[in-house]
Enquirer: 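I'd like to ask you about the structure that follows.
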Amino acid sequence: MNTTLNVDPAEIAKFSALAHRWWDMDSEFQPLHQINPLRLEWINSILPLQGLCALDIGCGGGILADSMARKGADVLGIDLSSKALKVAQMHALEAQTPRVAYREVSAEALASEMPGQFDVVTCMEMLEHVPNPASVVQACATLVKPGGWVFFSTLNRSPKSFLLAILGAEYVLNMLPRGTHEFAKMIRPSELANYCRSSFLDVRQTSGLEYNPLTKRYWLSDDTGVNYMFAAQKQ
Ligand code: SAH
């Protein structure tokens, strides 16, 4: 299989068109800014990031990558949107973020180049935008050291998710541009668990991320019905 083709150019174009607004807290990226402290603390409570070598796959403008570097990790962020990567680099320069670098390379290509080199790999809100998510999960497993951790987050393909993440967020509340998420590409926890198992990643913890549109607040919960995260460890 030619793994370098595991990308949907329309998805990259979508994120590239908005890239200049990545660090605008009131933009389309507001949800990512709002969930970032929650996911960062969740990761850091499972695996303290200080001094670790981290890779963030599908890093976009660098919201998570930047924050992991501020927790003391050495971070490489990768993406296939050169515009998003430029914004990430610019932000790191302006904010003087230490220990963060960005590269335009696919997860699969980096997996052949740097196998087993990272203590921790994160891949958040990205799997639901790629044609073959299992191949990205496999690349994550190759990139992480034995015993290292991989953290995923994505959107469940459930009726509740259709109502909240697509109808609610894109059509009622206008939190996200219409067409941001495609229902068919969303991933059930059981499917992600299967991809992990096939890649010798043991799923150790899961968490749901819930949102209340009235209070405009997010919190971690046991409900993986919409947005959810997996913490998996390489065997
Ligand atoms: N992970 C970041 C950004 C999520 S937005 C965060 O959670 O804050 C989704 C990102 O995935 C975008 O930056 C988009 O360019 C990237 N992406 C989509 N398909 C990709 C692919 N095949 N390879 C690498 N990155 C991809």
Side-chain angles (χ1 to χ4, degrees), residues 1-25 27-43 54-70 75-92 97 100 102-113 120-140 143 150-155 165 169-170 175-177 179-182 185-187 207 209 211 218 227-230:
M1 181 173 121
N2 184 350
T3 49
T4 58
L5 292 179
N6 187 18
V7 60
D8 179 345
E11 292 278 5
I12 300 299
K14 217 156 60 182
F15 288 101
S16 297
L18 303 173
H20 58 288
R21 290 207 285 271
W22 216 290
W23 286 90
D24 175 350
M25 310 287 164
S27 71
E28 297 83 353
F29 297 105
Q30 188 184 60
L32 294 180
H33 286 285
Q34 287 184 317
I35 64 174
N36 199 56
L38 294 171
R39 60 191 186 181
L40 177 68
E41 290 309 325
W42 190 69
I43 294 169
L55 173 69
D56 186 28
I57 297 177
C59 64
I63 298 173
L64 179 65
D66 196 274
S67 67
M68 290 199 294
R70 290 179 182 277
V75 184
L76 175 64
I78 66 169
D79 203 286
L80 292 176
S81 162
S82 40
K83 282 204 177 144
L85 290 168
K86 280 195 189 118
V87 170
Q89 261 150 0
M90 194 69 78
H91 180 84
T97 312
V100 69
Y102 295 99
R103 262 184 74 185
E104 186 175 336
V105 60
S106 71
E108 289 89 346
L110 195 69
S112 340
E113 188 188 319
V120 51
V121 175
T122 52
C123 181
M124 303 223 143
E125 313 302 323
M126 181 268 197
L127 291 174
E128 70 276 21
H129 299 286
V130 301
N132 181 355
S135 161
V136 176
V137 173
Q138 170 71 64
C140 292
L143 285 154
V150 185
F151 295 87
F152 297 104
S153 75
T154 191
L155 285 170
E170 295 183 14
M175 285 165 67
L176 296 173
T180 298
H181 291 113
E182 272 171 59
K185 283 169 137 178
M186 290 149 99
I187 301 164
S207 177
L209 260 170
Y211 180 66
Y218 290 87
N227 207 334
Y228 66 96
M229 303 190 281
F230 270 20

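Values reported hereafter were calculated over all heavy atoms of this structure, with side chains retained and with hydrogens, waters and symmetry mates removed. Whatever order the structure lists them in is the order used to number ligands and atoms, beginning at 1. Keep in mind that this is a model prediction, so the values were computed, not measured.
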Enquirer: Around atom 15 (O) of ligand 1, find the nearest protein heavy atom and jot down its residue, atom name and distance.
Expert: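 For atom 15 (O) of ligand 1, the nearest protein heavy atom is Asp79 OD1, 2.7 Å.
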Enquirer: Taking the basic N atoms (NZ, or NE/NH1/NH2) and the acidic carboxylate oxygens, is any pair closer than 4.0 Å for Glu28 and Lys14?
Expert: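 No, no charged N to carboxylate O under 4.0 Å.
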Enquirer: Ligand 1 and Gly58, any nitrogen or oxygen pair closer than 3.5 angstrom?
Expert: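 There is such a contact, yes.
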Enquirer: Test of understanding: given a 4.0 Å heavy-atom threshold, classify the contact between Val130 and ligand 1 as side chain, backbone, both, or neither.
Expert: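 Contact part for Val130 vs ligand 1: side chain (C-beta onward).
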Enquirer: How close does the nearest protein non-hydrogen atom get to atom 9 (C) of ligand 1, and which residue and atom is it?
Expert: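 Looking at atom 9 (C) of ligand 1, the protein heavy atom closest to it is Glu125 O, 3.4 Å.
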Enquirer: Would you mind listing which atoms of ligand 1 come within a distance below 4.0 Å of any non-hydrogen atom of Leu80?
Expert: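 Those of ligand 1 that fall under 4.0 Å from Leu80 are 21 (C), 22 (N), 23 (N), 24 (C), 25 (N).
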Enquirer: Show the atoms of ligand 1 that are less than 4.0 angstrom away from any heavy atom in Gly60.
Expert: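 Near Gly60, the atoms of ligand 1 are 13 (O).
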Enquirer: Write out the residue and atom name of the closest protein heavy atom to atom 5 (S) of ligand 1, then the distance separating them to 0.1 Å.
Expert: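 Going atom by atom, the protein heavy atom closest to atom 5 (S) of ligand 1 ends up being Phe15 CE2, 3.5 Å.
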Enquirer: Side chain, backbone, both or neither: which applies to Val136 and ligand 1 if a contact is any heavy-atom pair less than 4.0 Å apart?
Expert: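 Neither; nothing of Val136 gets under 4.0 Å from ligand 1.
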Enquirer: Can you tell which part of Cys123 has a heavy atom less than 4.0 Å from ligand 1: side chain, backbone, both or neither?
Expert: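 None of Cys123 does.
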Enquirer: Below 4.0 Å from ligand 1: does a non-hydrogen atom of Ala84 turn up there or not?
Expert: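 No; Ala84 lies far enough from ligand 1 that no heavy-atom distance drops under 4.0 Å.
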Enquirer: Looking only at heavy atoms of Glu11, does any of them come nearer than 4.0 Å to an atom of ligand 1?
Expert: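 Not so, Glu11 does not reach ligand 1.
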Enquirer: Taking NZ in Lys86 as the centre, count heavy atoms belonging to other residues, nucleotides or ligands within less than 6.0 Å. Is the count above 12?
Expert: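 No, NZ of Lys86 has 12 or fewer neighbouring heavy atoms, counting only those of other groups under 6.0 Å.
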Enquirer: Please state which part of Glu104 comes within less than 4.0 Å of ligand 1, counting heavy atoms only: side chain, backbone, both or neither.
Expert: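 It is neither; nothing of Glu104 touches ligand 1.
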Enquirer: Short list, please: which atoms of ligand 1 are under 4.0 Å from a heavy atom of Trp22?
Expert: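 By the 4.0 Å cutoff, the relevant atoms are 3 (C), 13 (O).
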Enquirer: Could you tell me the residue and atom name of the protein heavy atom closest to atom 6 (C) of ligand 1, and the distance to it rounded to 0.1 Å?
Expert: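 Of the protein heavy atoms, Arg39 NH2, 3.4 Å lies nearest.
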Enquirer: If you round to the nearest 0.5 Å, how far is CG of Leu85 from CE of Met90?
Expert: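 If I round to the nearest 0.5 Å, the distance is 12.5 Å.
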Enquirer: Heavy-atom distances under 4.0 Å decide this one: backbone, side chain, both or neither, for Val7 against ligand 1?
Expert: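 Both parts.
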Enquirer: Any atoms of ligand 1 less than 4.0 Å from a non-hydrogen atom of Met126? List them with their elements.
Expert: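 Answer, ordered by atom number: 11 (O), 20 (C), 21 (C), 23 (N), 24 (C), 25 (N), 26 (C).
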